[in-house]
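See below for the structure under consideration.
All heavy atoms count here, side chains included; hydrogens, waters and symmetry mates do not.
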Amino acid sequence: MGFLTGKTAIITGAGRAVLSDGRCGSIGYGIAAAYAKEGANLVITGRNVKKLEDAKEELERLYGIKVLTVQADVNAGADNMAIVQNVIDKTVETFGGIDVLINNAQASASGVTLSEHTTEQFDLAIYSGLYAAFYYMKACYPHLVKSKGSVINFASGAGLFGNFGQCSYAAAKEGIRGLTRVAATEWAKDGINVNVVCPLAWTAQLEQFEKAYPDAFKANVHVPPCGHIGDAELEIGRVCVQLASPDFKYMTGETLTLEGGMGLRP
């Protein structure tokens, strides 16, 4: 039994994606696998039902935990409060409560310069990332107060360093970083641990970005000093497990950054 046995975690954007060599290429799925190994009940969301079902089948088969899949897509044309509330309602109905919220989902039109970016492309990033984190955090708050739970949000070096061709993605991620800091300040009194992770992991999305926009990839993606790009489960997922530990609490208003897929820096 792991130390998350009996706990329930919602992970957005956790469908199973596959790299060209057959390995799993999804940060969300890597986190789900790390949590499953610790015995957590999982609620995984995403736009692609097949990817969610593939993740559910493998996680339940390999780790003997229970996984609830809920198709959810926060976007500019949807009733997003209702979409998110449906996820929360199904989670509580199935597992009785919520202990961890992980806002990992994000879509964007990477490789498109600011001058060429459309409003629709900008909305795609802002709604799928920043608005999604906002709606999920608000909807989960009453349940996290009860469980003295944790929120783990995902930002990016794209905003920290101003990556070429990633204006909407960077804007969404910087918004998430600011939102996280405010929540860490406001929710500390409630016993809710709120952190942000800025990862660099080799994923199917990054692999596709390299093929579609090789120049932008070379300009933006650099191997960190440790000599390799992070592993979605072993480095990103395990950090997220640590952040859900009741013994892992930061001071009010602080966040955590995982730089280049390696190491912790409060």
Side-chain donor/acceptor of N193 to backbone N/O of A244, under 3.5 Å: no

Side chain to side chain, E120 and D123, heavy atoms closer than 4.5 Å: no

Pairwise side-chain contact, I10 with C140, heavy-atom cut-off 4.5 Å (strictly under): yes

Aromatic ring pairing Y131/F134, orientation class (parallel under 30°, perpendicular over 60°, tilted between): perpendicular

Electrostatic pair E53:K50 at N-O distance under 4.0 angstrom: no

Donor-acceptor contact below 3.5 Å, side chain E60 vs main chain V67: yes

Cluster overlap L59 with V49, hydrophobic side-chain contacts below 4.5 Å: no

Verify same cluster id: M81, Y141 (apolar side-chain graph, 4.5 Å): yes

Mutual orientation of the aromatic rings belonging to F122 and H117 [parallel < 30°, tilted 30-60°, perpendicular > 60°]: perpendicular

Hydrophobic cluster identity match, V145 and V84, side-chain contacts under 4.5 Å: yes

Short side-chain to backbone donor-acceptor contact, T185 and R181, under 3.5 Å: yes

Any side-chain heavy-atom pair of Q71 and N48 under 4.5 Å: no

K148 side-chain N/O to D190 backbone N/O, donor-acceptor pair under 3.5 Å: yes

I152 backbone acceptor or donor facing N195 side chain under 3.5 Å: no

Over 12 non-hydrogen atoms of neighbours within 6.0 angstrom of CZ in F164: no

Y63 atom OH: more than 12 heavy-atom contacts under 6.0 Å: yes

ILVMFWY cluster, Y35 and L62 together (side-chain gap under 4.5 Å): yes

Distance-only donor-acceptor check, side chains S108 and Q166, under 3.5 Å: no

Polar side chain donor-acceptor pair, Y169 to N163, under 3.5 angstrom: no

Donor-acceptor contact below 3.5 Å, side chain S150 vs main chain V100: no

Heavy-atom check, side chain of Q106 versus side chain of K173, under 4.5 Å: yes

Any donor-acceptor N/O pair, N75 side chain to D73 backbone, under 3.5 Å: yes

Other residues, nucleotides, ligands: >12 heavy atoms within 6.0 Å of K56 NZ: yes

L130-L124 co-clustered via ILVMFWY side chain contacts under 4.5 Å: no

